[in-house]
*Asks:* 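Attaching a single structure in structure tokens format; questions to follow.
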Number of protein chains: 2
Amino acid sequence: MSELSLHGGDPSVLRRINAAATLRALRGGGEPTLSELAREVGLSRPTTEGVLSELADRGLVTEVAPRSGRGLGRPARRYRFRADAGYALGLDIDAHHVRLFLADLDGEVVAGHHAAVALNASATERLAAVRVAVSELLATVGVERGALWAVAAGTPGVVSPEGRIALCTVVPDWEGVALARELGRMFPCPVLVDNDANLAALAERWRGAARDSDDMVCVLAGPHTGMGAIIGGRLHRGRWGAAGEVGLLPELGLRDTAAVLAEAAPSGTLPAEDSDGTAGPVERAAERVLAAAQRGDSAAAELVDRLAARMARGIAAMALALDPEMIVVGGRLVRPGDRLVEALRRAVPPLCLTPVRIEASTLGEDAVALGALRLALDLVDEELFRIDRPA
Amino acid sequence: MSELSLHGGDPSVLRRINAAATLRALRGGGEPTLSELAREVGLSRPTTEGVLSELADRGLVTEVAPRSGRGLGRPARRYRFRADAGYALGLDIDAHHVRLFLADLDGEVVAGHHAAVALNASATERLAAVRVAVSELLATVGVERGALWAVAAGTPGVVSPEGRIALCTVVPDWEGVALARELGRMFPCPVLVDNDANLAALAERWRGAARDSDDMVCVLAGPHTGMGAIIGGRLHRGRWGAAGEVGLLPELGLRDTAAVLAEAAPSGTLPAEDSDGTAGPVERAAERVLAAAQRGDSAAAELVDRLAARMARGIAAMALALDPEMIVVGGRLVRPGDRLVEALRRAVPPLCLTPVRIEASTLGEDAVALGALRLALDLVDEELFRIDRPA
DNA sequence: TCTACTTATGGAACAAGGGTGCGTAATGCC
DNA sequence: GGCATTACGCACCCTTGTTCCATAAGTAGA
């Protein structure tokens, strides 16, 4: 709007506005009638007709067969948004995995993929694994690389505004990698990179536990606990991309989260890294403690409660700073109905000023990749609905 | 824009867009020529002419005398934004004062006012003092109450989204007051109420130390230390209006800020409240310690440093949570070149992950009232430039 | 099978807004 | 006093969108 109100406009901007409105209504799904569409958008039928033929020329809309037999009168022409006119791709690159989701322009996920990567892989090897995974995914569903409109990737650590890994303690050889540029070489479309907790927040708001919440915080409890925040409906990154890192204050207890649980097992007895490279020894140990707590092992349960009490201070600091509507707790250490989330639900509110809902993630390990997908889809939407330049 | 893209538009919305764009260009100040204006907005001269005559009908624009003698050719008609077509009012209501600023539609401050209120005044008395102060201010400059387009007020404590004082430890008898409704009775225009630190943040961004910074935090060091945050260029209030209250965590050391300094003087020797009711005994004592530190008193200086070290944790928590571009420190306890700000500048960065500028407020005691004014002016701007309804 | 009714279509006539171009008015300079 | 210069005011045309109406293409009932 600001762009719009700065420079005045020809009648053509009116057409662009109406095209965007029509596209938006059409993308809601279904195969509306011309008249239905006109009524919904608030335009006359002839105008809508003109807009639609223009959108058809751009390849974004097709006419579908009219449905006869339903109702009285002459069957109406029906139109459909061509969701397959383009695709968006979301990546999750972490210490042990590469995860991918591909969606069409409707945001419908059409394919997913997963590949294990060794913890101690070099940055080059990790990027090669990404390249292979992407190629496999695209080949499986038969989507051309040129059909991608936007790509986004999430990764642990602090990601600078230019998409460089400014800080990363979790993935070896990862710090300093200009990830956006490296990935940019693989795709003929814009590539965005962001912190994993930030993207998990986007995902939870999109199709997870925080649907339609405009002010929420997502806690990603993994080896290190990161947080992402949606503020006023928009992802907040901070000046240097480091927002949500309250864990740095030692007294707020968000560092080495998994290690607190793992300490139960004497370090000498920790198993070596799994052969599939899917999780490190600390994560494995932590997950065993969580499982034991779930089974009713009282020593393990106490350890979980202690972890929750430790984490509560950091989470409360974030809640006090932002006063969010809700906090979603996710990451490797969390499953729905978990003892950890229950413990946090007891430990955090007493430290807060306002009632804040605490929910477990419903997306599990897919959260980050889905969030990356959502970020890419946001870019797609911006492209679809932009009105400040000729199509 | 979203509003715009949802419902399609007549040619009339085009006119509204162009009117808004022209008004925006015109309000930049000066008395531009018709052609200059047309060039700047990107419209043709006849169109601009039509828009201007419409704006003149609405009383927002006047033609001024052409300036002959300057340059060749026929003198051009010149136009001016009628800043006096309306006014905005900002209030600061705190424990000891009522402060007011009145501005025209250009945001130019045309009058200010200040009145002392006794600390132990009842809510009713405090509101009466506000009413009197407003009447005096308006009478002084000869502005009708009906000429007010928007009013905003700042006050210590947590202000709920509906404008109720949900929590306030600083002003007696203030908690629970439905301030927005009470003030609403005094004015025939919208009235907004917000937390004082939030408004101070707005003010510092508008004409203080944080000009044009879209991500900043304002620390208001008074009896209790509050914080306000601008995120992505917009004020962040939180779901319940309680954002920025990290001070609640005891280990973050933002509670009873002034008292830390005042403790130097044994409580028995504290002077009684000043006859003018302008400051409480604790504030007075705190200010004496600050002044002593400024003069070089080493004991006082050490006390200030200790306070800074205490506050640093809370400020760092906020900085880590939000990763702002800069932090502005203001409030009663701060003057430019102060030892407190210097001490914070040393104490905070080591706790942070990213380089964050720390600056002293340049607005002094006016910050909150100016921020309230800015909030009211934002509402004025929204009204001036709205395009989603007929004028 | 034919007729009446219903609903959508397609195009013509009309209105609003914006751009272009040209004759004309008002000023400064020589 | 004439000329160059600059801006004005108006007429004309294009784009976009709306209203209105005759017509087409179905269904339901006789």
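If you're wondering where the values come from, they're calculated on a predicted model, not measured in any experiment. So you know, we letter chains A, B, ... as the sequences are listed, proteins then strands, and number each from 1.
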*Asks:* Provide, to the nearest angstrom, the distance between the CZ atom belonging to A:Arg78 and the P atom belonging to C:dT9.
*Replies:* 10 Å

*Asks:* Check the distance between D:dG17's P and A:Leu14's CG and give it to me in whole angstrom.
*Replies:* 5 Å

*Asks:* Can a donor-acceptor pair be found, under 3.5 Å and without considering hydrogens, that links the side chain of B:Arg82 to the backbone of B:Thr62?
*Replies:* no

*Asks:* Considering only side-chain heavy atoms of B:Ala76, which listed nucleotide, D:dA7, C:dG17, D:dG9, is closest?
*Replies:* D:dA7

*Asks:* Could you state the atom-to-atom distance from CD of A:Glu63 to C1' of C:dT9 in whole Å?
*Replies:* 11 Å

*Asks:* A:Asp10 or A:Thr33: which one's nearest nucleotide on DNA chain C is closer to the 5' end?
*Replies:* A:Thr33

*Asks:* If I take atom CZ in residue B:Arg74 and atom C1' in nucleotide D:dC3, what distance separates them, rounded to the nearest angstrom?
*Replies:* 17 Å

*Asks:* Run B:Arg181 and B:Val191 through side chain to side chain contact (heavy atoms under 4.5 Å, CB included) and show every step you take.
*Replies:* CA-CA 8 Å; B:Arg181 207 179 54 201; B:Val191 175; over 6 Å; no

*Asks:* Grab the CD-C1' distance between B:Glu54 and C:dG18 for me, whole Å please.
*Replies:* 13 Å

*Asks:* Of all the nucleotides listed (D:dG9, D:dT18, C:dT9), which has the minimum atom distance to the side chain of A:Thr47?
*Replies:* D:dT18

*Asks:* The side chain of B:Pro46 lies closest to which of these nucleotides: D:dG17, C:dG17, D:dC10?
*Replies:* D:dC10

*Asks:* With respect to the side chain of A:Pro75, which nucleotide from C:dT20, D:dT15, D:dA25 is positioned closest?
*Replies:* D:dA25

*Asks:* Check whether any side-chain N or O of A:Asp104 sits under 3.5 Å from a backbone N or O of A:Ala85 as a donor-acceptor pair, and report yes or no.
*Replies:* no

*Asks:* Categorize A:Ser35 for me: base, sugar-phosphate, or nothing, with a 4.0 angstrom heavy-atom threshold over every strand shown.
*Replies:* sugar-phosphate

*Asks:* Out of A:Val110, A:Val151, A:Thr140, which one pairs with A:Leu102 under the side chain to side chain contact (heavy atoms under 4.5 Å, CB included) rule?
*Replies:* A:Val110

*Asks:* Among D:dT5, C:dG18, D:dG26, find the nucleotide with the atom closest to the side chain of B:Leu72.
*Replies:* D:dT5

*Asks:* Checking the side chain of A:Arg374 only, and the main-chain atoms of A:Gly107 only, is there a donor and an acceptor separated by less than 3.5 Å?
*Replies:* no

*Asks:* Think B:Asn18 has a side-chain N or O under 4.0 angstrom from the OP1 or OP2 of C:dG18?
*Replies:* yes

*Asks:* To the nearest angstrom, how far is A:Glu36 atom CD from C:dA8 atom P?
*Replies:* 8 Å

*Asks:* Quick one: on DNA chain D, does B:Arg77 or B:Gly73 contact a more 5' nucleotide (nearest heavy atom)?
*Replies:* B:Gly73

*Asks:* Measuring to OP1 and OP2 of D:dG17, would you say a side-chain N or O of A:Arg15 lies under 4.0 angstrom away?
*Replies:* yes

*Asks:* Could you tell me how far apart A:Leu52 (CG) and D:dT16 (C1') are, to the nearest whole angstrom?
*Replies:* 16 Å

*Asks:* Under 4.0 angstrom, heavy atoms only, what part of the nucleic acid is B:Arg45 near: base, sugar-phosphate, or nothing?
*Replies:* base

*Asks:* Just how far, in rounded Å, is P of C:dA16 from CD1 of B:Ile17?
*Replies:* 18 Å

